[in-house]
Amino acid sequence: MRLRERDKRDVTLRACTGFDDDVYLWGDATPIRAAIYPNRRAIDAKVYGDKIVETRLLLYDGDVRLAVGMGVSEDEGAPTWRIKALEDWGHQSAVLEWIPEARRGA
């Protein structure tokens, strides 16, 4: 998938520093510009009756290295998505998994 500047938006990355009572604890925020799309592979699985967690696909071509477990949010608040898996092509590609509100932390 080609990464276009018009598709990018401001998002915030936060490293997961641990857990407290099954709630994520997050580190300092790092602002980046990335594109977030629906995960087509997950949509295909849903059509065939497989139970899946809501996911998105994040594409990023900057200098910050993405890592599994990092949180992603579209504002300065607690992350609403967590990086579940990574692929490195011409740009970085990450599968994002929805974080339930009760587990987001601060």
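Model, not experiment: these values are computed from the prediction.
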Shortest non-hydrogen contact between [X] and [Y], atoms and distance:
{"X": "Ala34", "Y": "Val11", "result": "CB-CG2, 4.1 Å"}
{"X": "Leu57", "Y": "Ser93", "result": "CD1-OG, 3.4 Å"}
{"X": "Arg56", "Y": "Ile36", "result": "CB-CG2, 3.8 Å"}
{"X": "Thr80", "Y": "Ser73", "result": "N-CB, 4.2 Å"}
{"X": "Ala29", "Y": "Pro31", "result": "O-CD, 4.0 Å"}
{"X": "Leu86", "Y": "Leu66", "result": "CD1-O, 3.4 Å"}

Subject >> hydrophobic_cluster_shared for Ile83 and Phe19, side chain cutoff 4.5 Å >> reply: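 Different clusters: Phe19 never reaches Ile83 through Ile, Leu, Val, Met, Phe, Trp or Tyr contacts under 4.5 Å.
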**OP:** Answer with yes or no whether the hydrophobic clustering places Val64 together with Trp81; edges join I, L, V, M, F, W, Y residues whose side-chain heavy atoms lie under 4.5 Å apart.
**Re:**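 Yes, one cluster joins them.
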Original post:
Are Arg14 and Tyr24 linked by a side-chain donor-acceptor pair shorter than 3.5 Å?
Top reply: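 No.
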**OP:** Would you mind listing every salt bridge (charged side-chain N to carboxylate O under 4.0 Å, His left out) that reaches into residues 59-74, with sequence neighbours excluded?
**Re:**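 For residues 59-74, and leaving out neighbouring residues, the salt bridge (charged side-chain N to carboxylate O under 4.0 Å, His left out) pairs sorted by first residue read Lys8-Asp61, Arg9-Glu74, Arg65-Asp88.
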**OP:** Hey, could you give me each pair passing salt bridge (charged side-chain N to carboxylate O under 4.0 Å, His left out) that has a residue in residues 22-31? Not counting sequence neighbours.
**Re:**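 Qualifying pairs, neighbours excluded: Asp22-Arg103.
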Let me confirm one number: the [atom1]-[atom2] distance from [X] to [Y], rounded to the nearest 0.5 Å.
{"X": "Tyr37", "Y": "Leu59", "atom1": "OH", "atom2": "CG", "answer": "6.0 Å"}
{"X": "Tyr60", "Y": "Leu13", "atom1": "OH", "atom2": "CG", "answer": "7.0 Å"}
{"X": "Met70", "Y": "Thr12", "atom1": "CE", "atom2": "OG1", "answer": "11.5 Å"}
{"X": "Glu97", "Y": "Thr55", "atom1": "CD", "atom2": "OG1", "answer": "8.5 Å"}

Original post:
Do the side chain of Asp75 and the main chain of Gly77 share a donor and acceptor less than 3.5 angstrom apart?
Top reply: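 Present.
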**OP:** Any chance you could lay out the side chain to side chain contact (heavy atoms under 4.5 Å, CB included) test for Leu58 and Val72, step after step, and finish with the verdict?
**Re:** CA-CA 9 Å; Leu58 179 136; Val72 178; 4.1 Å; yes
**OP:** Please lay out, stage by stage, how Arg33 and Glu5 fare under the test salt bridge (charged side-chain N to carboxylate O under 4.0 Å, His left out).
**Re:** CA-CA 9 Å; Arg33 287 195 44 82; Glu5 191 62 36; 3.6 Å; yes
